[in-house]
Participant: 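Have a look at this one.
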There are 2 protein chains.
Amino acid sequence: MDTKTSEIQYRIGDFAEVTGLSSPTLRYYEKEGLIKPHRTDNGLRYYTEQDANWIKFLLHLKSTGMTIEQLKQYVIWRAEGDSTIDKRIALLQDVRDNFEKEFAELQHSWTILNDKLDWYKGKVNGHIEDSEDFSKYLKRLNHHE
Amino acid sequence: MDTKTSEIQYRIGDFAEVTGLSSPTLRYYEKEGLIKPHRTDNGLRYYTEQDANWIKFLLHLKSTGMTIEQLKQYVIWRAEGDSTIDKRIALLQDVRDNFEKEFAELQHSWTILNDKLDWYKGKVNGHIEDSEDFSKYLKRLNHHE
DNA sequence: CTTCTAGTTAAAGTTAACTCTAATCCTAGC
DNA sequence: GCTAGGATTAGAGTTAACTTTAACTAGAAG
């Protein structure tokens, strides 16, 4: 084989370790068009550092709520070049705005969860009266719901 | 029927509106043992304000990453009374600790997503050189990955 | 040469959390 | 009394995102 050796090349197993995904998941992502690994002369996939950067970014997008479908669309636009930058910006902004709302809700849930733990602890060590149920307790803290 | 009318009673459709869930989802949650609505004399479900509080709390737990299975366990312990408070506290603390980590990762993803948007905008209006790709840009900002 | 490990494929299976269907029943308004 | 809307049930179907299976090949180690 005469592949260039200037960059690191990962076979699928190693790349799985690097990215934290499994080999089947990498093949699945490929089938969905999210990543296009190179091939050695005898047909084995290999991935480069650039592929690693892309997967890491993709996983960030995924964790902010983007679905595989949306990522697919993003990849298509990316492949179409600079003429689709506006579309990509719009998509990312949408994702960001949605995430912003969910994030705020998650913070609220975090508060409630901690309130519940405090309430349990107060109950156990007697700082909170038996008569005060959790929703009364929340009202006292001014934490609605 | 001779049900007490001292508290508000919701039929399943109204309760769905109150909680933001659908009627089928409420029946599903019931089948899973997450909620036990009362019944009118002729067999219709009805829900009270207490049930609403419980569902709201349950949804908070769910959004912090608790699965239906875990919620089921929580409900079982809750029904067993004060002797299981320690178990419930341990479960909630587990959930909280896990959520704390995920929350930190989400914040990081949020940062990267915003960096990407800034990078796109810098590219579009020429503030960022064509030669600087996104991973270089992240390094410059000292935002790893 | 055999065995082990890691790769290949297409396609079927899994899991969580709903969501829908079908057949039936109850209730309120005209 | 009739009809429309919403209730009941058991059980089948859906969706997203993997995950596993089966059947195979290629290369390295002993």
Side-chain angles (χ1 to χ4, degrees), chain A residues 1-3 8-48 51 55 58-75 95 98-99 102 105 109, chain B residues 1-3 5 9-48 51 55 58-75 95 98-99 102 105 109:
Chain A
M1 44 174 132
D2 65 340
T3 49
I8 309 163
Q9 291 178 193
Y10 304 95
R11 285 188 303 171
I12 195 165
D14 298 332
F15 195 65
E17 279 209 12
V18 169
T19 58
L21 299 170
S22 68
S23 300
T25 299
L26 285 168
R27 292 196 194 94
Y28 165 68
Y29 280 5
E30 181 181 347
K31 205 177 70 182
E32 295 300 315
L34 302 188
I35 189 165
K36 217 177 171 61
H38 313 262
R39 296 281 180 157
T40 63
D41 289 352
N42 51 13
L44 299 197
R45 287 170 182 82
Y46 70 88
Y47 301 80
T48 67
D51 294 325
I55 286 284
L58 174 158
L59 290 176
H60 282 305
L61 293 184
K62 203 168 158 309
S63 68
T64 60
M66 264 179 99
T67 64
I68 303 286
E69 272 320 294
Q70 286 178 305
L71 285 165
K72 203 187 289 191
Q73 180 61 74
Y74 183 84
V75 169
V95 169
N98 271 313
F99 184 63
E102 275 172 40
E105 279 169 30
S109 290
Chain B
M1 41 177 134
D2 65 341
T3 50
T5 48
Q9 291 177 193
Y10 304 95
R11 284 190 303 171
I12 194 164
D14 298 332
F15 195 64
E17 279 208 13
V18 169
T19 58
L21 299 171
S22 67
S23 301
T25 299
L26 285 168
R27 293 196 193 94
Y28 165 68
Y29 280 4
E30 181 180 348
K31 206 176 68 180
E32 294 302 315
L34 302 188
I35 189 164
K36 217 178 171 61
H38 314 262
R39 297 280 180 159
T40 62
D41 290 352
N42 49 13
L44 300 198
R45 289 170 180 82
Y46 71 89
Y47 302 80
T48 68
D51 293 324
I55 285 283
L58 175 158
L59 290 177
H60 282 305
L61 293 184
K62 203 167 157 307
S63 67
T64 60
M66 264 178 98
T67 63
I68 304 285
E69 271 322 292
Q70 286 178 304
L71 285 165
K72 203 186 289 191
Q73 180 60 73
Y74 183 85
V75 170
V95 169
N98 272 313
F99 183 63
E102 275 171 40
E105 280 169 31
S109 289

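Small disclaimer: the values here were computed from a predicted structure and weren't measured. Residue numbering restarts at 1 for every chain, and letters A, B, ... go by the order of the sequence lines.
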Participant: By nearest heavy atom, map B:R11 and A:T67 onto DNA chain D; which one lands nearer the 5' end?
Facilitator: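 Taking each residue's closest nucleotide, the earlier one in sequence belongs to B:R11.
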Participant: Would you kindly give the CG-to-P distance between B:L44 and D:dT8, to the nearest whole Å?
Facilitator: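 Checked: the CG to P distance equals 6 Å.
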Participant: Output the single nucleotide from D:dC18, C:dG7, D:dA7 whose closest atom is nearest the side chain of A:I68.
Facilitator: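 Among the listed nucleotides, the one closest to the side chain of A:I68 is D:dC18.
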Participant: Base, sugar-phosphate, or nothing for B:R27, non-hydrogen atoms under 4.0 angstrom?
Facilitator: base
Participant: Is there side-chain contact between B:Q70 and B:T67, with at least one heavy-atom pair below 4.5 Å?
Facilitator: yes
Participant: Starting the side chain at C-beta, find the nucleotide from D:dT20, C:dC18, D:dC18 nearest to A:T25.
Facilitator: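 When the side chain of A:T25 is considered, D:dC18 is the closest of D:dT20, C:dC18, D:dC18.
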Participant: Anything under 30° is parallel, anything over 60° is perpendicular, the rest tilted; go ahead and classify B:F15 against B:Y10.
Facilitator: tilted
Participant: Tell me the interatomic distance from A:Y28, atom OH, to C:dT8, atom P, rounded to whole angstroms.
Facilitator: 18 Å
Participant: Considering residues, nucleotides and ligands other than A:E17, do more than 12 of their heavy atoms fall under 6.0 Å from its CD?
Facilitator: no
Participant: So if I apply the side-chain contact (heavy atoms from CB on, under 4.5 Å) rule between A:Y47 and each of A:I8, A:V18, A:L26, A:I55, which one comes out positive?
Facilitator: A:L26
Participant: Just to confirm, is there a sub-4.0 Å distance from OP1 or OP2 of C:dG7 to any side-chain nitrogen or oxygen of A:N42?
Facilitator: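 Answer no for this pair, as no side-chain N or O of A:N42 is under 4.0 Å from OP1 or OP2.
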Participant: Rounded to the nearest Å, what distance is computed from the CD atom of residue A:E69 to the P atom of nucleotide D:dT14?
Facilitator: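 Value for this atom pair: 18 Å.
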Participant: Roughly how many Å is it from CD in A:E30 to P in C:dA10, rounded to a whole number?
Facilitator: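 After rounding, the gap between these two atoms is 10 Å.
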Participant: Please report, rounded to the nearest Å, how far the P atom of C:dA16 is from the CG atom of B:L34.
Facilitator: 14 Å
Participant: Salt bridge or not for B:R27 and B:E30, using N-O below 4.0 Å?
Facilitator: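 Salt bridge: no.
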Participant: For C:dA17 and B:Y29 - does any side-chain N or O of the residue sit under 4.0 Å from the phosphate oxygens OP1/OP2?
Facilitator: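 Answer no for this pair, as no side-chain N or O of B:Y29 is under 4.0 Å from OP1 or OP2.
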Participant: Nearest-Å distance, CG (A:L26) to P (D:dT19)?
Facilitator: 11 Å
Participant: Assuming nearest nucleotide by heavy-atom distance, tell me which of B:D14 and B:K31 is located more 5' along DNA chain D.
Facilitator: B:D14
Participant: Calculate the interatomic distance between B:L21 atom CG and C:dA17 atom P; express it in whole Å.
Facilitator: 13 Å
Participant: Would you mind telling me which of D:dT8, D:dA26, D:dT19 lies closest to the side-chain atoms of B:R45?
Facilitator: D:dT8
Participant: Nearest whole angstrom, please: distance from the C1' of D:dT8 to the OH of B:Y47.
Facilitator: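 Value for this atom pair: 12 Å.
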